[in-house]
J.: 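Structure in structure tokens, see below.
Atoms considered below: every heavy atom in the structure, side chains included; atoms not considered: hydrogens, waters and symmetry mates. Note that the structure is predicted; figures quoted are calculated from it, not measured.
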Amino acid sequence: MSEAEVFHEKQRLELCAIHALNNVLQERVFTKETADDICKRLAPQCVVNPHRSVLGTGNYDVNVIMAALQSRELAAVWWDKRRTVQSLCPSKVQGFILNVPSRVSLGIVSLPLRRRHWLAVRQVNGQYYNLDSKLKNPFCIGGEAELRGFLSEQLSQEVAEMLLVVRREVEDDGSWLNSDSPKE
């Protein structure tokens with residue numbers, strides 16, 4: 001499969017959480033409007049919603065991602081960075097959503113600031129792709145060994161976090177973790 005055939009939404013406003021969701025699902029499912037509706041359901045009494053930017057430009061938090069995935073009969077499993085990615089069972093994971101530090105820029109000018117950014121990684125036709133919405137095109141990571149290297153590199157950043165996108169039964173039975181790995 002060519003990179004042109006891989007679904008890849010590009011960055012707009014602060015909608016990286018929506019782009020990461022759609023990219024991991026490989027179709028346009030969520031919009032700013034659906035994410036805003038989720039925010040309202042999560043905090044119905046709040047004038048200033050704590051799950052998104054006060055400016056209304058996005059910047060959705062992990063609760064919105066988790067609720068969005070639940071609406072699709074999926075679950076987000078938080079990855080404990082104390083584990084090695086070798087203990088991961090990628091065949092049981094539909095995709096990965098990472099929250100990583102990202103440089104802030106205004107046009108071509110890069111500012112000395114870092115913010116948090118959501119990005120997706122997903123297997124498509126046997127190859128794993130970095131579907132970061134800030135990339136011009138999907139980036140082919142390769143097979144399972146390359147995926148583990150990529151995830152290890154991303155998670156080595158102090159503030160990086162990872163969610164595993166799995167079916168609910170996979171969350172329930174813990175099969176996203178290799179059977180020879182100790183369960184906590």
J.: Tell me, with the steps shown, if Q86 and N178 meet side-chain contact (heavy atoms from CB on, under 4.5 Å).
T.: CA-CA 8 Å; Q86 299 307 317; N178 282 326; 5.9 Å; no
J.: On a heavy-atom basis, which atom in V85 and which in L155 lie closest, and how many Å separate them?
T.: CG1-CD1, 4.1 Å
J.: Just wondering, do L163 and W78 contact through their side chains at under 4.5 Å, heavy atoms?
T.: yes
J.: Rounded to the nearest 0.5 Å, how far does CG of L21 lie from CD of E9?
T.: 9.5 Å
J.: Measure the shortest side-chain to side-chain distance between N99 and V62 over non-hydrogen atoms and say whether it is less than 4.5 angstrom.
T.: no
J.: Between K92 and L164, does a side-chain contact (heavy atoms from CB on, under 4.5 Å) hold up when you go through it step by step?
T.: CA-CA 10 Å; K92 296 288 188 171; L164 312 179; over 6 Å; no
J.: For the residue pair I18 and W118, establish whether any side-chain heavy-atom pair is separated by less than 4.5 Å.
T.: no
J.: Indicate the atoms forming the closest heavy-atom contact of S133 with H8, along with that distance.
T.: CA-NE2, 4.1 Å
J.: Could you pull out all donor-acceptor pairs under 3.5 Å where a side-chain atom in residues 65-72 meets a protein atom, sequence neighbours excluded?
T.:
from: S71; atom 1: OG; to: A68; atom 2: O; distance (Å): 2.6
from: R72; atom 1: NH2; to: E27; atom 2: OE2; distance (Å): 3.3

J.: Sorted by first residue and then second, give each side-chain hydrogen bond (donor to acceptor under 3.5 Å, both in side chains) pair with at least one member in residues 143-153; sequence neighbours left out.
T.: E144-R148
J.: To the nearest 0.5 Å, what is the distance between CG (L177) and CH2 (W79)?
T.: 6.0 Å
J.: Are the side chains of R167 and L74 in touch, meaning some heavy atoms are under 4.5 Å apart?
T.: yes
J.: Are any of the side-chain nitrogens in K134 or D132 under 4.0 Å away from the carboxylate oxygens of its partner?
T.: no
J.: Hey, what do you get for CZ (F7) to CG (N23), rounding to the nearest 0.5 Å?
T.: 6.0 Å
J.: For the atom pair CZ (R122) and CD (Q127), what is the distance rounded to the nearest 0.5 Å?
T.: 14.0 Å
J.: Write down the atom of D173, the atom of V170, and the distance for their closest heavy-atom approach.
T.: OD1-O, 3.0 Å
J.: Atom CZ of F150 and atom CG of L98: how far apart are they, to the nearest 0.5 Å?
T.: 6.5 Å
J.: Give a yes or no on whether the backbone of S87 and the side-chain of T84 come within a donor-acceptor separation of less than 3.5 Å.
T.: no
J.: Indicate the atoms forming the closest heavy-atom contact of L119 with V100, along with that distance.
T.: CD2-CG2, 3.6 Å
J.: Minimum heavy-atom separation for I141 and Y129, please, with both atom names.
T.: CD1-C, 3.8 Å
J.: Enter the distance from L131:CG to H19:NE2 here, rounded to the nearest 0.5 Å.
T.: 12.5 Å
J.: Using the test side chain to side chain contact (heavy atoms under 4.5 Å, CB included), find all partners of Q123 that sit at least two apart in sequence or belong to another chain.
T.: Y128
